[in-house]
Amino acid sequence: MDQTKKDIDVTKEMSPMETETTRNRPVFIPRVDIMEKGNAIVLLADIPGVDERHLDITLEKGVLTILGSVEPERYRDYELAYAEYSIGDYRRSFTISDEIDHDNIEARVKNGVLQLILPKAKPLLPKKIKVKGA
Amino acid sequence: MWLPSNRRFGRMSDMWSEMDRVQREMNRLFSGESVAYATGYPAINVWSSENDLILTSEIPGVDPDSVDISVEGDMLTISGSRPREELGEDEHYHRQERAHGNFKRKIKLPFRADANNVDATYEKGVLKIMLPRIEEEKPQKIRIKTE
């Protein structure tokens, strides 16, 4: 876990290995690309096996959490003869700064890839405070 | 157990295989499994029955029309590419963990497949290929004669 920690914007409490799920299934950290695109930050995450119905995205206290659950497929009359990958849920958290417009985050999922568009908030005008004379 | 001979035939860019190996190794450590994974992209799982195989593979974010599946005798080839997100002049990556580029993998099947009846679907980033055995290679029941 130490290897990944430095590279991932997870706060310690939010790291997937320290919050246990009630399901007996591995939880993977999805790989992401994060891009700066004009007035928005775009995040792409690989979450194969997850569709919009099994994806939860929450934003709480500046922490954005992606949680995707995968129902493993079972094939009747077939047995798993060979496996190179295992199936599990996906979870990853990011801290989001105030520069992002928290109310207008867009998410869509297509072909097992989540796309999050995080628009930047309009810059606040510096406030002038008038000093009243006595 | 049957193993695909990907060591001999696997051909993929170093970045794909290396990133994939690292990812799977981490997943393996975290999930407490002790299966040794073969290297090769894309990773596959294989389900078998008497007359056919179901091969599944996680290949998120590709255009299904750009994935090429071919079967020749007992050799299955999966190839395709995942394009990189094109960025404009003022745009840049903060972080890039997902792999991009071309991939190709050859997998030796335990039987000759009926190439005309191979069926493939791509859903939620998961490729699923159904591979039926050719008629001549279906297992035959042998009756034991009693005297």
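Quantities reported herein were computed from a predicted structural model and do not represent experimental measurements. So you know, we letter chains A, B, ... as the sequences are listed, proteins then strands, and number each from 1.
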* To do: Please answer: with hydrophobic residues joined when any side-chain heavy atoms are less than 4.5 Å apart, are A:V109 and A:I57 in the same cluster?
  => yes
* Would you check if B:K128 and A:Y75 make a side-chain contact, meaning some heavy-atom pair closer than 4.5 Å? => yes
* Asked: Who among B:D90, B:L87, B:I54 has the most heavy-atom pairs with chain A under 4.5 Å?
  -> B:I54
* Is there a path of hydrophobic side-chain contacts, each under 4.5 Å between heavy atoms of I, L, V, M, F, W or Y residues, that connects A:I87 with A:L114? -> yes
* Asked: Heavy-atom distance under 4.5 Å between the side chains of B:E85 and A:V42, does that happen here?
  -> no
* Determine whether more than 12 heavy atoms belonging to other residues, nucleotides or ligands lie under 6.0 Å from atom CG of A:N39. => no
* Structure fact -> Rounded to the nearest 0.5 angstrom, the NE2-CE distance for B:H92 and A:M35 is 11.0 Å
* Structure fact -> Here the pair of heavy atoms bringing B:E97 nearest to A:R92 is OE1-NH1, 2.8 Å
* For the residue pair A:N111 and B:P64, what are the closest heavy atoms and their distance? -> ND2-CD, 4.2 Å
* Please examine the side chains of B:I107 and A:Y82, heavy atoms only from C-beta on, and report whether any two atoms are closer than 4.5 Å. => no
* **Contact class of A:L43 relative to chain B, heavy atoms under 4.5 angstrom** => neither
* Which atoms of A:V32 come close to chain B, meaning under 4.5 Å heavy atom to heavy atom: side chain ones, backbone ones, both, or neither? -> both
* Same cluster or not: are A:I96 and A:L55 linked, directly or through other Ile, Leu, Val, Met, Phe, Trp or Tyr residues, by side-chain heavy atoms under 4.5 angstrom apart? -> yes
* Structure fact -> With A:D33 as partner, the option from B:H100, B:Q96, B:R95 fulfilling side chain to side chain donor-acceptor pair (under 3.5 Å) is B:H100
* Asked: With respect to chain A, which residue among B:S57, B:G125, B:S48 yields the maximal number of heavy-atom pairs within a distance under 4.5 Å?
  -> B:S48
* To do: Examine whether an atom of A:D46 lies under 4.5 Å from a heavy atom of chain B, and if so say whether it belongs to the side chain, the backbone or both; otherwise answer neither.
  => both
* **CD on A:E84 to OG1 on B:T56, rounded to 0.5 Å** => 10.0 Å
* To do: Nearest 0.5 Å please: distance from the NZ atom of B:K124 over to the CZ atom of A:R53.
  => 6.5 Å
* Report whether B:V71 and B:F111 are members of the same hydrophobic cluster (ILVMFWY, side-chain heavy atoms less than 4.5 Å apart, transitive linking). => yes
* B:N45 side, atom CG; A:Y85 side, atom OH - distance, nearest 0.5 Å -> 4.5 Å
* Decide yes or no on side chain to side chain contact (heavy atoms under 4.5 Å, CB included) for B:V126 and A:E73, but give the supporting numbers first. => CA-CA 11 Å; B:V126 181; A:E73 258 192 281; 6.0 Å; no
* Shared hydrophobic cluster, A:I117 / A:I100 (ILVMFWY, side-chain heavy atoms < 4.5 Å) -> no
* Give a yes or no on this: more than 12 heavy atoms of other residues, nucleotides or ligands lie within 6.0 Å of atom CD of B:E136. => yes
* Could you tell me whether A:E99 atom CD has more than 12 heavy atoms of other residues or ligands within 6.0 Å of it? => no
